[in-house]
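For reference, the structure discussed in these notes is given below.
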Amino acid sequence: QVRMVESGGGSVQAGGSLTLSCAVAGYTYSRYCMAWFRQAPGKEREGIAGINDDSTTYADSVKGRFTISIDNAKNTLYLQMNNLKPEDTAMYYCAAAPPSFGPQTNPLERDEYNYWGQGTQVTVSS
């Protein structure tokens with residue numbers, strides 16, 4: 001059973017930075033497909049950053065500001081968030097899927113992921 005637990009959320013002023021962590025347990029594949037999603041009140045959950053082995057994908061809204069990375073030794077997924085904006089306020093979730101993504105797979109598509117964390121809140125004030 002794959003378990004994912006996010007941490008690192010909090011409140012920050014616009015222009016500030018936060019790093020989210022996702023501790024992953026039970027993911028025994030030698031390759032990986034993982035991602036960060038977020039959901040603001042009244043909005044759909046959206047994929048913002050995905051990592052598929054050495055390939056990364058970002059939503060336009062966070063490109064150049066957010067960086068997804070993984071530390072295999074620590075079994076931890078990270079999301080470094082810089083130059084935060086009030087519109088980044090949301091609940092942030094990490095997600096994982098068996099490493100079966102093909103070239104046609106959208107790594108930011110919610111339905112591609114089987115395993116989810118419980119979320120961590122990020123609030124950005126202006």
Side-chain angles (χ1 to χ4, degrees):
Q1 182 71 19
V2 177
R3 297 179 304 278
M4 309 183 78
V5 180
E6 302 94 339
S7 61
S11 297
V12 64
Q13 288 191 328
S17 298
L18 281 175
T19 299
L20 304 184
S21 300
C22 175
V24 184
Y27 193 86
T28 58
Y29 305 100
S30 58
R31 299 169 49 236
Y32 48 85
C33 295
M34 297 188 184
W36 287 95
F37 287 73
R38 68 185 182 187
Q39 187 168 16
K43 295 188 176 181
E44 295 287 322
R45 190 172 299 189
E46 62 169 340
I48 55 172
I51 185 165
N52 180 10
D53 292 332
D54 293 332
S55 174
T56 56
T57 304
Y58 296 94
D60 289 342
S61 59
V62 305
K63 196 173 296 182
R65 300 188 298 122
F66 291 10
T67 303
I68 187 172
S69 62
I70 189 165
D71 185 332
N72 286 318
K74 296 182 179 180
N75 295 323
T76 303
L77 180 71
Y78 298 99
L79 185 68
Q80 173 67 43
M81 306 186 294
N82 297 325
N83 190 22
L84 283 160
K85 303 176 181 181
E87 52 263 43
D88 294 319
T89 295
M91 186 72 78
Y92 283 70
Y93 300 88
C94 57
S100 58
F101 286 6
Q104 302 301 321
T105 303
N106 178 1
L108 301 183
E109 173 56 51
R110 175 180 181 177
D111 290 342
E112 298 293 343
Y113 293 90
N114 309 80
Y115 311 109
W116 293 85
Q118 83 291 345
T120 187
Q121 177 69 36
V122 172
T123 302
V124 184
S125 58
S126 58

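Note that the structure is predicted; figures quoted are calculated from it, not measured.
Taking Lys63 as the reference, Asp60 meet the salt bridge (charged side-chain N to carboxylate O under 4.0 Å, His left out) condition, with sequence neighbours excluded. Residues satisfying the side chain to side chain contact (heavy atoms under 4.5 Å, CB included) criterion with Thr57, sequence neighbours excluded, are Pro107, Leu108. Legend: residues meeting side-chain hydrogen bond (donor to acceptor under 3.5 Å, both in side chains) with Arg3, ordered by chain and number and at least two apart, are absent. Residues passing the disulfide (SG to SG under 2.5 Å) test with Cys33, sequence neighbours excluded: none. Residues forming a side chain to side chain contact (heavy atoms under 4.5 Å, CB included) with Ala40 (at least two apart in sequence, or on another chain): Lys43, Ala90. With sequence neighbours excluded, the residues that form a side chain to side chain contact (heavy atoms under 4.5 Å, CB included) with Leu18 are Val12, Met81, Leu84, Val122. Take Thr19 and apply the side-chain hydrogen bond (donor to acceptor under 3.5 Å, both in side chains) test, not counting sequence neighbours, and it matches Gln80.
Between the side chain of Glu6 and the main chain of Gly119, a donor-acceptor pair closer than 3.5 Å is present. A donor-acceptor pair under 3.5 Å is formed between the side chain of Thr89 and the backbone N or O of Val124.
Residues Tyr29 and Ile51 are members of one and the same hydrophobic cluster, defined by side-chain heavy-atom contacts under 4.5 angstrom among Ile, Leu, Val, Met, Phe, Trp and Tyr.
For the salt bridge (charged side-chain N to carboxylate O under 4.0 Å, His left out) condition, no pair includes a residue of residues 109-119, sequence neighbours left out. Here salt bridge (charged side-chain N to carboxylate O under 4.0 Å, His left out) pairs that include residues 116-126, with residues two or more places apart or in two chains, number zero. Within the structure, the salt bridge (charged side-chain N to carboxylate O under 4.0 Å, His left out) test picks out the following pairs touching residues 81-105 (sequence neighbours left out): Arg38-Asp88, Arg65-Asp88. A salt bridge (charged side-chain N to carboxylate O under 4.0 Å, His left out) check over residues 116-126, counting only residues at least two apart or in different chains, returns nothing. Residue pairs satisfying the ring-ring contact (aromatic ring centres under 6.0 Å, His included) criterion with at least one member in residues 71-114, sequence neighbours excluded, are listed as follows: Phe37-Tyr113, Phe101-Tyr113.
Contact annotation: the side chain of Asn114 approaches that of Pro98 to within less than 4.5 Å [non-hydrogen atoms, C-beta and beyond]. Within the 4.5 Å cutoff, the side chain of Ile68 has heavy atoms near those of the Tyr58 side chain.
Taking OG1 of Thr56 as the reference point, atom CZ of Phe66 lies at 14.5 Å (rounded to 0.5 Å). Taking CD from Gln13 and OG1 from Thr123, the interatomic distance works out to 13.0 Å, rounded to the nearest 0.5 Å. A distance of 10.5 Å separates CE in Met34 from OH in Tyr115, rounded to the nearest 0.5 Å. How far CZ of Arg31 is from OG of Ser100: 8.5 Å, rounded to the nearest 0.5 Å.
Contact detail for Leu79 and Ala49: the closest heavy-atom pair is CD1-CB, 4.0 Å. Closest non-hydrogen pair, Gly47 versus Ala59, comes out as O-CB, 3.7 Å. In this structure, Asn82 and Ser17 approach most closely via the heavy-atom pair OD1-OG, 3.0 Å. Taking every heavy atom of both residues into account, Pro86 and Ser125 meet most closely at CG-C, 4.5 Å. Heavy atoms only, all atoms of each residue included: Val2 and Gly26 are closest at CG2-O, 3.6 Å.
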>> Test side chain to side chain contact (heavy atoms under 4.5 Å, CB included) on Leu77 and Tyr32; report intermediate values, then the result.
In response: CA-CA 11 Å; Leu77 180 71; Tyr32 48 85; over 6 Å; no

